[in-house]
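Shown next, in structure tokens, is the structure this report addresses.
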There are 2 protein chains.
Amino acid sequence: EQEPVSGITCDKNQAKVTLIGVPDQPGIASKIFEALSRENMNVDMIIQNVGQEGLTDLSFTVPRGNADQAKEILSKLADAVGIKDVVLTERIAKVSIVGVGMRSHSGVAAKMFSRLAAEGINIMMISTSEIKISCVIHSKYTELAVRTLHEAFELGMKPTPNRKK
Amino acid sequence: EQEPVSGITCDKNQAKVTLIGVPDQPGIASKIFEALSRENMNVDMIIQNVGQEGLTDLSFTVPRGNADQAKEILSKLADAVGIKDVVLTERIAKVSIVGVGMRSHSGVAAKMFSRLAAEGINIMMISTSEIKISCVIHSKYTELAVRTLHEAFELGMKPTPNRKK
Ligand SMILES: C[C@@H](O)[C@H](N)C(=O)O
Ligand SMILES: C[C@@H](O)[C@H](N)C(=O)O
């Protein structure tokens with residue numbers, strides 16, 4: 001059976017903005033991204049989980065150089081629409097396993113998460129696509145996480161274009 | 001400039017399991033997916049946002065036929081590791097815009113979210129990859145959402161292999 005994971009990527013150049021207590025009603029997500037779009041802000045990840053009691057949290061990542069501007073834009077909007085807080089976290093890294101063969105494999109996710117846990121690395125955020133499982137972790141663990149996942153999925157340590165994307 | 005969005009996809013065959021009040025410590029995510037993997041459960045999306053006060057929520061989707069089994073597996077684990085609740089929602093649809101040209105465009109996200117909002121469709125979850133922005137909505141809005149997004153991104157209504165994936 002084909003090895004499901006073909007590479008590890010990491011991105012240490014992002015910062016995370018989390019909006020806490022976002023009113024879970026139509027129109028709020030659009031206001032958030034319209035505000036960012038008006039300032040031509042680039043956004044990489046967007047993560048929103050389900051709400052409870054009419055509120056949810058929404059996180060997105062931007063290049064670290066744009067972090068302060070993103071926080072400022074959202075802080076203004078937060079007052080206007082009733083978002084409770086805007087939290088900026090700069091020292092994050094996004095570490096991903098990539099593979100066409102891994103679609104739907106709960107076992108691949110389990111292995112990624114358990115190897116990170118074994119190194120004491122807390123997983124702050126998780127997001128997936130058909131070919132990728134991404135974890136956001138504290139940036140201080142980046143190199144340890146990448147080495148750990150290379151070993152876990154037997155990918156060898158030769159430099160690949162993916163490895164420091 | 002190239003049209004950033006090249007297609008709309010939707011999946012009405014998934015159900016969502018949300019674990020509420022997940023201890024935000026290394027090893028919990030791995031236990032969750034090890035439990036699913038032992039039963040050979042297929043998982044599509046995994047979404048986890050940042051925690052507060054040591055707790056976070058973690059959602060994942062499974063084929064609707066496996067929803068009860070997934071809930072049962074996680075309910076057992078929840079007791080063991082201190083997860084507060086396991087909530088199953090079956091009537092969901094995942095609607096996505098796809099495009100190689102849309103990477104980092106906050107404007108594309110803003111447009112998707114605002115067109116859904118204009119139809120009164122609440123966005124329950126958001127997840128992105130480099131080429132895709134996915135929203136989980138109530139399944140009753142699926143056809144309306146797909147039509148709305150086709151119009152928004154001027155994609156025409158001729159059937160494409162993507163459209164009902
Ligand atoms: C929280 C936000 O996504 C809201 N549910 C909306 O649809 O805009
Ligand atoms: C919540 C869960 O992801 C936890 N942070 C872990 O690392 O396992």
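These numbers were taken from a predicted model, which means no experiment stands behind them. The sequence lines fix the lettering, A, B, ..., with proteins before strands; numbering per chain opens at 1.
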**Message:** If you compare all heavy atoms of B:S30 against all heavy atoms of A:A110, which two are closest, and at what distance to 0.1 Å?
**Reply:** CB-O, 3.9 Å
**Shortest non-hydrogen separation from B:D57 to A:Q52 and the atoms involved** = OD2-NE2, 2.8 Å
**Asked** Roughly how far apart are A:M124 CE and B:N49 CG, rounded to 0.5 Å?
**Response** 10.0 Å
**Message:** At a heavy-atom distance under 4.5 Å, which candidate from B:S37, B:G107, B:A117, B:S106 has the highest pair count against chain A?
**Reply:** B:S106
**Message:** If hydrophobic clusters are built from ILVMFWY residues whose side chains come within less than 4.5 Å, do B:M45 and A:V108 share one?
**Reply:** no
**Asked** Which pair of non-hydrogen atoms, one from B:S127 and one from A:T128, has the smallest distance, and what is that distance?
**Response** OG-O, 3.8 Å
**Item:** Contact leader toward chain B among A:S129, A:A118, A:S59, A:S96, where contacts are heavy-atom pairs under 4.5 Å
**Value:** A:S59
**Message:** Please determine whether residues B:M112 and B:I47 belong to a single hydrophobic cluster, defined as Ile, Leu, Val, Met, Phe, Trp and Tyr linked transitively by side-chain heavy-atom distances below 4.5 Å.
**Reply:** no
**Request:** Could you look at A:K16 and say if it's the side chain, the backbone, both or neither that has a heavy atom under 4.5 Å from chain B?
**Result:** side chain
**Item:** Short side-chain to backbone donor-acceptor contact, A:Q25 and B:N122, under 3.5 Å
**Value:** no
**Message:** If you count heavy-atom pairs within less than 4.5 Å of chain B, which of A:N40, A:I46, A:V43 leads?
**Reply:** A:I46
**Request:** Counting only heavy atoms closer than 4.5 Å, note whether B:I121 contacts chain A via side chain, backbone, both or neither.
**Result:** backbone
**Request:** Report whether B:V22 and B:V62 are members of the same hydrophobic cluster (ILVMFWY, side-chain heavy atoms less than 4.5 Å apart, transitive linking).
**Result:** yes
**Message:** Let me check something: do B:I137 and B:F153 share a hydrophobic cluster, defined by ILVMFWY side-chain heavy atoms less than 4.5 Å apart, either directly or through other members?
**Reply:** yes
**Request:** Indicate the atoms forming the closest heavy-atom contact of A:M125 with B:V50, along with that distance.
**Result:** CG-CG1, 3.6 Å
**Request:** Specify which of B:L36, B:N42, B:L116 makes the most heavy-atom pairs with chain A at under 4.5 Å.
**Result:** B:N42
**Fill in**
Looking only at A:T18, A:I131, A:L58, A:D24, most heavy-atom pairs under 4.5 Å shared with chain B are made by A:D24
**Asked** What do you reckon, is CD of B:E119 surrounded by more than 12 foreign heavy atoms closer than 6.0 Å?
**Response** yes
**Message:** Given heavy-atom pairs under 4.5 angstrom as the criterion, report whether the side chain, backbone, both or neither of A:T56 touches chain B.
**Reply:** neither
**Asked** Looking only at heavy atoms, what is the nearest atom pair of B:E130 and A:K94, with distance?
**Response** OE2-NZ, 4.2 Å
**Prompt:** Among B:T61, B:I123, B:V87, which residue forms the greatest number of heavy-atom pairs with chain A at distances under 4.5 Å?
**Reply:** B:I123
**Message:** Count I, L, V, M, F, W, Y as connected when their side-chain heavy atoms are under 4.5 Å apart, and connections chain through other members. Are B:F113 and A:L55 then in the same cluster?
**Reply:** no
**Prompt:** Which heavy-atom pair separates A:S114 from B:E34 by the least distance, and what is that distance?
**Reply:** CB-OE2, 3.6 Å
**Request:** Could you check which of A:T89, A:I32, A:I20 has the highest count of heavy-atom pairs closer than 4.5 Å to chain B?
**Result:** A:I20
**Prompt:** Counting only heavy atoms not in A:E90, do more than 12 fall under 6.0 Å of its CD?
**Reply:** yes
